[in-house]
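Residue numbering restarts at 1 for every chain, and letters A, B, ... go by the order of the sequence lines. As the structure is a prediction and not an experimental result, all values here were calculated from the model.
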2 protein chains.
Amino acid sequence: MSKPLPVLDVIETSCCAPLARAPIGEADAERVAAMFKALGDPVRLRLFSKVASSEGGEACVCDIQDVGVSQPTVSHHLKKLREAGLLESERRGSWVYYRLAPSALAVMADLLAPVRA
Amino acid sequence: MSKPLPVLDVIETSCCAPLARAPIGEADAERVAAMFKALGDPVRLRLFSKVASSEGGEACVCDIQDVGVSQPTVSHHLKKLREAGLLESERRGSWVYYRLAPSALAVMADLLAPVRA
DNA sequence: GGCTGACATAGACAGATGTCAACATAGGTA
DNA sequence: TACCTATGTTGACATCTGTCTATGTCAGCC
């Protein structure tokens, strides 16, 4: 197995086999679906992409909140992304900075990895 | 631009830059979010994984419908996966076979590719 | 202290979503 | 023809979700 040890409470560095390798289990499906669901909204996807692509790996809310919805709605979506384990946040002075959760991208990319015949 | 020509009606073989490379545009976000949204339900994720991991690359509905919900609900979810461009279906005799849409996995995996610093 | 800016929370609301039972359809078999 | 099996469709329902306005909280500045 390429999964040495389950590290943290959320999905860390690895979760399960690629979706195309073996049928995902019921419990794993629940957790993984929550991650994909978080990206399943256009506004959240844009916020996530803005954070992920921002210089220095983090972005202040004020830098990314121009997505066509109200400020509370932005805050609501960022919370969802945090709860899904995709983003982390930290307050510094007046501003709150968001950055990618360490292995969020890798976990999802692994799940979607094509299985060479 | 690395997007020579939009080929089909859905996202074909490529859509846009990885989420972590540049902020995704509004229109692209709409289309991509629909794909992730389709995987954002545990039942759909399991159905998708069952099809994707099935031998020969395709599976009859009767082989995958044991996911804890009624048959109409399974049918409903498979339709959603089809509409999202993730699965294709074909009727052969009494049975309907589902298989992975050609580049579905690759498109999503590319979007989630980490951008090496 | 009071004020202002940045962000989060609470509550309300319309619309979307997941589920089921009932029905429809399509193909095989007799 | 009639019947059965496999699957899709319809309509109804409760719940979830995205959005807003209003309000709260926290930090800096006067």
Side-chain angles (χ1 to χ4, degrees), chain A residues 24 26-27 29-51 54 56 58-99, chain B residues 24 26-27 29-51 54 56 58-99:
Chain A
I24 190 173
E26 196 168 345
E30 207 83 35
R31 298 187 306 160
V32 171
M35 304 185 72
F36 285 124
K37 187 177 194 175
L39 293 185
D41 177 272
V43 172
R44 279 199 296 271
L45 194 63
R46 291 176 66 195
L47 289 171
F48 179 81
S49 183
K50 283 189 174 204
V51 170
S54 60
E58 63 179 14
C60 161
V61 175
C62 57
D63 289 329
I64 61 174
Q65 66 182 339
D66 182 22
V67 287
V69 296
S70 69
Q71 174 269 319
T73 301
V74 169
S75 190
H76 167 73
H77 283 307
L78 288 173
K79 183 180 184 180
K80 288 285 192 73
L81 287 167
R82 251 189 296 125
E83 290 173 342
L86 301 185
L87 294 183
E88 296 175 346
S89 67
E90 179 193 356
R91 169 161 229 134
R92 282 208 297 277
S94 296
W95 295 274
V96 176
Y97 290 86
Y98 279 80
R99 60 176 161 278
Chain B
I24 190 173
E26 197 168 345
E30 208 81 35
R31 299 187 306 162
V32 171
M35 304 185 73
F36 285 124
K37 188 177 194 173
L39 294 184
D41 178 272
V43 171
R44 279 198 296 269
L45 193 63
R46 292 176 65 195
L47 289 171
F48 179 81
S49 183
K50 282 190 174 205
V51 170
S54 61
E58 63 179 13
C60 161
V61 175
C62 57
D63 290 330
I64 61 174
Q65 66 183 339
D66 181 24
V67 288
V69 295
S70 69
Q71 174 269 319
T73 301
V74 169
S75 189
H76 165 73
H77 283 307
L78 287 172
K79 184 179 184 180
K80 287 285 191 75
L81 287 167
R82 250 188 298 124
E83 291 172 341
L86 301 185
L87 294 183
E88 295 175 346
S89 67
E90 178 192 356
R91 168 160 230 135
R92 282 210 294 277
S94 297
W95 296 273
V96 176
Y97 290 86
Y98 279 79
R99 60 175 161 278

Quiz item: With respect to the side chain of B:P72, which nucleotide from C:dC20, C:dC7, D:dC20 is positioned closest?
Solution: C:dC20
Round to the nearest Å and state the distance from [X] atom [atom1] to [N] atom [atom2].
| X | N | atom1 | atom2 | result |
| --- | --- | --- | --- | --- |
| A:L47 | C:dA8 | CG | P | 11 Å |
| B:D66 | D:dA6 | CG | C1' | 16 Å |
| B:Q65 | D:dG8 | CD | C1' | 12 Å |
| B:E83 | C:dA16 | CD | C1' | 14 Å |
| A:R91 | D:dC26 | CZ | C1' | 5 Å |
| A:W95 | D:dC29 | CH2 | C1' | 12 Å |
| A:H77 | D:dC16 | NE2 | C1' | 14 Å |
| A:R46 | D:dG18 | CZ | P | 15 Å |

Quiz prompt | Step-by-step salt bridge (Lys or Arg N to Asp or Glu O under 4.0 Å) determination, A:E58 to A:R92 | solution = CA-CA 12 Å; A:E58 63 179 14; A:R92 282 208 297 277; 2.5 Å; yes
[X] side chain near [N] phosphate (N/O to OP1/OP2, under 4.0 Å):
| X | N | answer |
| --- | --- | --- |
| B:R44 | C:dG18 | yes |
| B:T73 | C:dC20 | yes |
| A:K37 | C:dT17 | no |
| A:Y98 | C:dA6 | no |
| B:K80 | C:dG18 | yes |

Quiz item: On DNA chain C, nearest-nucleotide positions of B:R92 versus B:H76: which is more 5'?
Solution: B:H76
Quiz item: Side chains of B:C62 and B:W95: closer than 4.5 Å at any heavy-atom pair?
Solution: yes
Quiz item: Any side-chain heavy-atom pair from B:Q71 and B:Q65 closer than 4.5 angstrom?
Solution: yes
Quiz prompt | Nearest-0.5 Å distance that lies between atom CG in A:L78 and atom CD in A:E83 | solution = 11.0 Å
Quiz prompt | Donor-acceptor pair under 3.5 Å, A:Q71 side chain vs C:dA8 base | solution = yes
Exercise. For a side chain to side chain contact (heavy atoms under 4.5 Å, CB included) with A:H77, tell me which candidate from A:V67, A:L47, A:L45 qualifies.
Key: A:L47
Exercise. Identify, between A:V69 and A:S94, the residue whose nearest nucleotide on DNA chain D lies closer to the 5' end.
Key: A:V69
